[in-house]
Novice: 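I have a structure I would like to understand better, so I am pasting it below and will then ask my questions one at a time.
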Amino acid sequence: MALLEIVTYPEKILSRPTRLIENIDGDIQYLIENMAHTMYQAPGVGLAAIQVGINKSLMVYDISPKDKERSLQVLINPRIVSSEGSLLSEDEGCLSVPDFRSDVKRAAAITVEGVDRNEKPVRIDAEGFLAIVLQHEIDHLNGILFIDRISALKRGIYKRKVFKNLKRK
Ligand code: NI
């Protein structure tokens, strides 16, 4: 397994909507393994293919508690088919947005449809933390980062920090 390089803001690829996967072949299975490895190493609870520079509608996640066994979940071509309510996702972060966290307004409950790595259709009714993780990762697949969902003022603070650091390099 290979550790993949995680793309970070302001790389333009992160704002691109991803392409649907038509054929879940060996290359995709290999990519899933490497993405899972990379997510666990980071460590993170979710990772979208676009975050490792691959423009495909694919995400992995695992929200099982640290002291429990791993439970890798894979979603291909996922979409939110319904959502309701709202909640405040506290202190949300992202492997592609290092050194920054913010509260983000999210839907409280969502239903997601997609397929798993065996091409089996899946439908997930999610609320709470799972709903947050799914919304965050599906946002990635649509070219949206969590900093796109916070106030312009807060986003500005982060952007200034990033661009100051880039100039220093
Ligand atoms: Ni993220």
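When a ligand or atom number is given, it counts from 1 through the structure's own listing order.
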Novice: For Arg79, does the CZ atom sit with more than 12 other heavy atoms under 6.0 Å from it, leaving out its own atoms?
Specialist: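 12 or below, so no.
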
Novice: Which of the protein's N, O or S atoms come within less than 2.8 Å of the Ni ion (ligand 1), not counting waters?
Specialist: Cys94 SG, His136 NE2, His140 NE2

Novice: Counting only heavy atoms not in Arg117 (residues, nucleotides, ligands), do more than 12 fall under 6.0 Å from its CZ?
Specialist: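 Yes, enclosed.
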
Novice: Asp148 side chain to Leu145 main-chain N or O, any donor-acceptor pair under 3.5 Å?
Specialist: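 Confirmed, Asp148 side chain pairs with Leu145 backbone.
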
Novice: With sequence neighbours excluded, tell me which residues meet side chain to side chain contact (heavy atoms under 4.5 Å, CB included) with Leu20.
Specialist: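 With sequence neighbours excluded, Leu20 shows a side chain to side chain contact (heavy atoms under 4.5 Å, CB included) to Ser57, Asn77, given in chain and number order.
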
Novice: Is it true that Lys161 and Asp99 have a side-chain N and a carboxylate O under 4.0 angstrom from each other?
Specialist: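 Salt bridge flag = no for Asp99 with Lys161.
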
Novice: Do Ser89 and His136 make a side-chain contact, defined as non-hydrogen atoms from C-beta onward lying under 4.5 Å apart?
Specialist: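 No, too far: nothing below the 4.5 Å cut-off.
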
